[in-house]
Amino acid sequence: EDSYASACRDSALAQLEVTGVTSNGTVFYDTTNLTDLRIGNRILPEALETALALVKVGQRAKILAKASRMRDDTSRFPYGWALEGDVTWDVKCHNVTRPAKM
């Protein structure tokens with residue numbers, strides 16, 4: 001059974017806790033519990049979604065995203081100003097539900 005967050009790419013749903021912090025320590029994305037999230041639908045910045053492929057259920061991760069990887073996302077999100085510099089995403093993957101279990 002695939003319990004990685006990347007399983008969402010094939011219609012599984014993830015439950016994640018996400019916080020975004022700029023390189024100078026400013027929280028731009030308050031800790032948010034995201035439920036029924038389909039990764040790959042571009043609901044989150046692409047650099048973050050790509051890194052989530054390595055996060056397994058129950059794991060926490062600090063994901064450093066370089067500004068150069070988020071250039072396309074700066075205009076897509078209300079916190080786009082923060083993505084103009086390097087940021088750190090603190091993530092915890094609570095659950096991944098596979099399509100067969102939905």
Side-chain angles (χ1 to χ4, degrees):
E1 180 171 312
D2 186 359
S3 58
Y4 286 89
S6 61
C8 297
R9 291 182 189 269
D10 57 357
S11 298
L13 301 174
Q15 180 182 355
L16 305 171
E17 182 180 308
V18 179
T19 307
V21 182
T22 64
S23 57
N24 69 4
T26 302
V27 175
F28 66 90
Y29 193 87
D30 287 329
T31 302
T32 305
N33 285 309
L34 303 171
T35 58
D36 296 337
L37 175 70
R38 278 195 173 84
I39 296 173
N41 286 353
R42 299 291 311 257
I43 293 170
L44 296 170
E46 185 178 10
L48 174 58
E49 288 193 354
T50 300
L52 286 172
L54 303 174
V55 181
K56 196 169 184 175
V57 171
Q59 288 184 328
R60 288 189 170 278
K62 281 195 177 286
I63 300 166
L64 173 63
K66 303 296 270 172
S68 59
R69 291 282 321 275
M70 296 181 293
R71 207 168 280 131
D72 293 342
D73 289 323
T74 57
S75 62
R76 294 185 52 241
F77 298 98
Y79 49 84
W81 60 270
L83 304 180
E84 292 176 359
D86 298 345
V87 300
T88 300
W89 296 95
D90 293 314
V91 177
K92 177 159 188 191
C93 183
H94 292 288
N95 192 29
V96 173
T97 304
R98 304 286 299 156
K101 295 183 180 180
M102 288 191 242

Note to self: Within this structure, what is the CD1-CZ distance for the pair Ile43 and Phe77, rounded to the nearest 0.5 Å?
What the structure shows: 9.0 Å

Checklist line | Heavy-atom donor-acceptor pair, Asn33 side chain to Thr35 backbone, under 3.5 Å | finding: no

Next item on the list: Using the rule that two of Ile, Leu, Val, Met, Phe, Trp, Tyr join whenever any of their side-chain heavy atoms come within less than 4.5 Å, decide whether Leu48 and Phe28 are in one cluster.
Entry: yes

Just list the side-chain donor-acceptor pairs under 3.5 Å for residues 80-94, sequence neighbours left out, or say none.
{"unit_1": "Asp86", "atom_1": "OD1", "unit_2": "Ala67", "atom_2": "N", "d": "2.9"}
{"unit_1": "Asp86", "atom_1": "OD2", "unit_2": "Lys66", "atom_2": "NZ", "d": "3.1"}
{"unit_1": "Asp90", "atom_1": "OD1", "unit_2": "Lys62", "atom_2": "NZ", "d": "2.7"}
{"unit_1": "His94", "atom_1": "NE2", "unit_2": "Glu17", "atom_2": "OE1", "d": "3.2"}

Notebook entry, point to check: Once you round to the nearest 0.5 Å, how far does CG of Leu37 lie from CG of Leu52?
Noted result: 8.0 Å

Check: So which of Arg71, Arg69, Arg76 actually passes side chain to side chain donor-acceptor pair (under 3.5 Å) with Asp73?
Finding: Arg76

Check: Out of curiosity, Thr74 OG1 to Tyr79 OH, how far, rounded to the nearest 0.5 Å?
Finding: 11.5 Å

Margin query: Are the side chains of Leu34 and Leu44 in contact, using a 4.5 Å heavy-atom criterion?
Written below: yes

